[in-house]
Amino acid sequence: MKQSIYLFTLLICCLSFSYALDTTYTKVTIATDKEAVSTQDDLTVLVTLTHQEGWHSYWKNPGESGLATTIKWELPPGFQAGDINWPMPQTIQFGELINFGFKDPINLMIPIQINTSVKEGDYQLKAKISWLVCKESCIPESSSVSIPVKVVSTSQTSKQATKIKQMIKERDIEHLEGVFQENSNQLIITLPKLDTQITTITCFPEQLDLVDYQVDPLIQYNDTNLLLTLKKVTTKKTKHKHLTGIIAINNTDFYQVKADKQGGIATNTLVSILIFAFLGGVILNIMPCVFPILSLKVLSILAKTKQEKEIIKKQAVSYTLGVIVCFFVIVTVLVWLKYVGLQLGWGFQLQNPIFVYLMMLIMLSVGLNLNDRLALPQWLESLPGLMNKTHNKALSSSYKDFFTGVLAVIVATPCTAPFMATAIGFALTQSIGVMYLTFFALALGFSFPFLAIAYIPILQGLLPKPGQWMLTIKHILAIPLYLTVLWLLWVLSHQIGTLAWIVGGLSIAAIITFTSLVRVSHRKLSYSVGITIILMFVGLIVVLSQAEPNDNNVNKGAFQKIEAAINQKKKILVDVTASWCVSCKVNESVVLNRPEIKQFLADNNIEFIVLDWTNYDKDITAYLESFDRQGVPLYVYYDENGNATLLPQLLQKQDIYELREKQE
Amino acid sequence: MKNVLKAILVNTFIISMSASLIYGLSWFKKNSLDNQIHKKAPLFTALDSNGRKHTLSQYKGKIVVLEWKNHLCPFVKKHYISKNMQSMQETVTKKGVIWLSIISSAQGKQGYVSAEECNDIIKNEGSKATAVLFDSEGVIGKKYNAKTTPHMFVINPEGDIVYEGAIDSIRSADPRDINLATNYVIAAVTNLIKQKEINPSQTTAYGCSIKYNY
């Protein structure tokens, strides 16, 4: 019986196997690449759908409407059908909808694997091919086919074999492998840079529910990579671990793309991040916010060096623990905030006026303490004792050092933002594990000088002998703290306007007046400091109630301006900055705001657009993230074609002048 | 001196901790709201097949399901011939939900019907929708960015879109797939009534393109 069907089919379909089954709008032809197949080889089935003029059917991702063509197999045991090998899709626009499909004859190829256990003989491969064929309206069509296969010991090719082989070869396009990241509304795919000059890129993602096809991908470059930014259809995080699809460059060159979710980073990158974090931590010690505190610590060592080396070691360890714990608290808060879905970059703490105000008060208190102007009431002094009911002296000393560590980190936070925002910002884009590791390295680096002095006796020998000069140094060390106070006040004024000067000035005046009173009468000490603290909080509440961000119109319309400039093929230099960002301010005063640079930008028709991140701004955070950054400064140059280049974070005039060469 | 230093440390620690608490709380008050804001459902007014006027605002306080319909589209047919759509309409309208089928086909295009034809179709297929609305200018469709028939929206009593997208999880025109698929609309309405989280709240609709008059 089987034999006769085979013969019959053979009769109507010429000698080599291929036959047609037509539906109303489509001609279906089936062919295989082998007359007879051995179990050693794969068989390739070629299904060709030829629609009537003007009709089309769909790719595996049909786009905004439509339906992918499917093939449902019913195979004898031992046979296995692989995935459809599709032709390169085309964009088919219907009204405002974007669909992916084919208008030309569609050659679908399906590899069939045959298990070695399959015995020689004749088999039928049954399949139901279903597709949606559309012009103005759509009609679902399907065709059930039965493909006879002869299994033999040695394969014999069919007439179609060369054609099929050729097609498979043509479709074996170059693969591009990369990584992708996402933010609330964008996917950023990083791919290796291509040699081709890119004018257009069409993306055909295989994942259905991800990309907004209406928005053209944004093409950007950095040193070695091509960055594609696609708009997402939802703000939800995707569950896809890999993005796959095809991109067509200049409508002619097709590439198969696979991008893995960025999470795992290469070990050597991780090592270098950790080294940088450690070094960053070490450098943090000489920042104006921290240096006085650390110096205090060192001074206390000086007094002891000879007799209590063991105690110093203990102190160093408690201090380090305090630092680590405090940094971990910060990371945990960050992880949590990110989990809740807030878009944060490092430096965000300085975007909040209350935080700035509090830091200002803390800095001032520490400074006054260094000048022996401020001491604290009895009840506060006894607190560590309360926490530690045993009144064990060694333990209470450990508490003190632990809290010094905590304090050091707290006072360091405003300084990390202006100087280390980028490094920490990078860590924030990584997985939770990497974030903790990075902050751990940072904490170790931060406590490293103290640890080193405690554990390396030679270093202790290098320290100068204690004496009266220590007091002088202590007083001098208060100066950077006061400068920090002024700087914070200035930042505050950028956030909430003139109010900052009033609140800040009043608070400072109040604290100083009370400390003077304290010096006159020690008995009133407790009360006065108590009142000072109450006043602080009154000031704080005022700030709280007035914490409406200073609505400076800098950012309004800046994004539209960027977009408009790109559309008009203008050159733009975007400066993402913040008042509290010291390196931004340095770059601005040394490079960007210099008359010769302004002149240069004007001469070369480069529009200069500033995005101010002093206050929290979702859009700017998203913009930073699109460049893999979570901190400022960021300098982006767009050429006439809208291609973005990042400039270094420490700008030199030369970097700006080189833009001229980039234009050619 | 030692004690003073200790006290300063403890004091600053306490102040900063309590302050950061206040800081965090105030921040959240400002920002957490942003994340929960649903898209407001655009308001509309339209006539139904019986010439009655319907506005979205008149259904404030009720759950509203919008269904984009084109009776000739194979994907719409899939759900009507199998009676799946009718049973969905019956299930939810019994719970007090308003179901509005909207026809956005432009005059002369596939799916466009006169009021009379529409009533005949309703009778024949046994639609249990609250009303079938005409939108031949495509005004409502474009406000909602409806792309396909069927394209489904679930609007909560406050007037926010809480689900939008496909009717179910299997993208096909084959009625046999209906029983195998997860019905997103029923799930959304049920969870909305139970005040549970709606997941998924957004999917990609599948079907025929809406025959707007571009």
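When reading the values below, keep in mind they use all heavy atoms of this one structure, side chains included, and skip hydrogens, waters and symmetry mates. Order of the sequence lines fixes the chain letters, A, B, ..., with proteins taken first and strands second; residue numbering starts at 1 for each chain.
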Inset, instruction - Look at atom NZ of B/Lys83 and say whether more than 12 heavy atoms of other residues, nucleotides or ligands are closer to it than 6.0 Å. - result: yes
Legend entry - Heavy-atom check, side chain of B/Tyr206 versus side chain of A/Leu208, under 4.5 Å: no
Inset, instruction - Check whether any side-chain heavy atom of B/Arg171 lies under 4.5 Å from a side-chain heavy atom of A/Leu67, and answer yes or no. - result: yes
Inset, instruction - Against chain A, label B/Thr148 side chain, backbone, both or neither, depending on which of its atoms sit under 4.5 Å from a heavy atom there. - result: side chain
Inset, instruction - Can you measure from CG (A/Leu97) to CD1 (B/Ile210) and round to the nearest 0.5 angstrom? - result: 7.5 Å
Legend entry - From NZ (A/Lys232) to CD (B/Gln202), nearest 0.5 Å: 10.5 Å
Legend entry - Side chain / backbone / both / neither for B/Ala205 at chain A, heavy atoms under 4.5 Å: backbone
Legend entry - Separation between CG of B/Asp174 and OG of A/Ser130, rounded to the nearest 0.5 Å: 7.0 Å
Legend entry - Pairwise distance CG(B/Asn145) to CD(A/Glu64) - rounded to 0.5 angstrom: 8.0 Å
Inset, instruction - Step through the shown structure and confirm whether more than 12 heavy atoms of other residues, nucleotides or ligands are within 6.0 Å of CD on B/Glu137. - result: no
Legend entry - Other residues, nucleotides, ligands: >12 heavy atoms within 6.0 Å of B/Lys62 NZ: no
Legend entry - chain A contacts, top residue of B/Cys208, B/Cys73, B/Pro74 (heavy-atom pairs, under 4.5 Å): B/Pro74
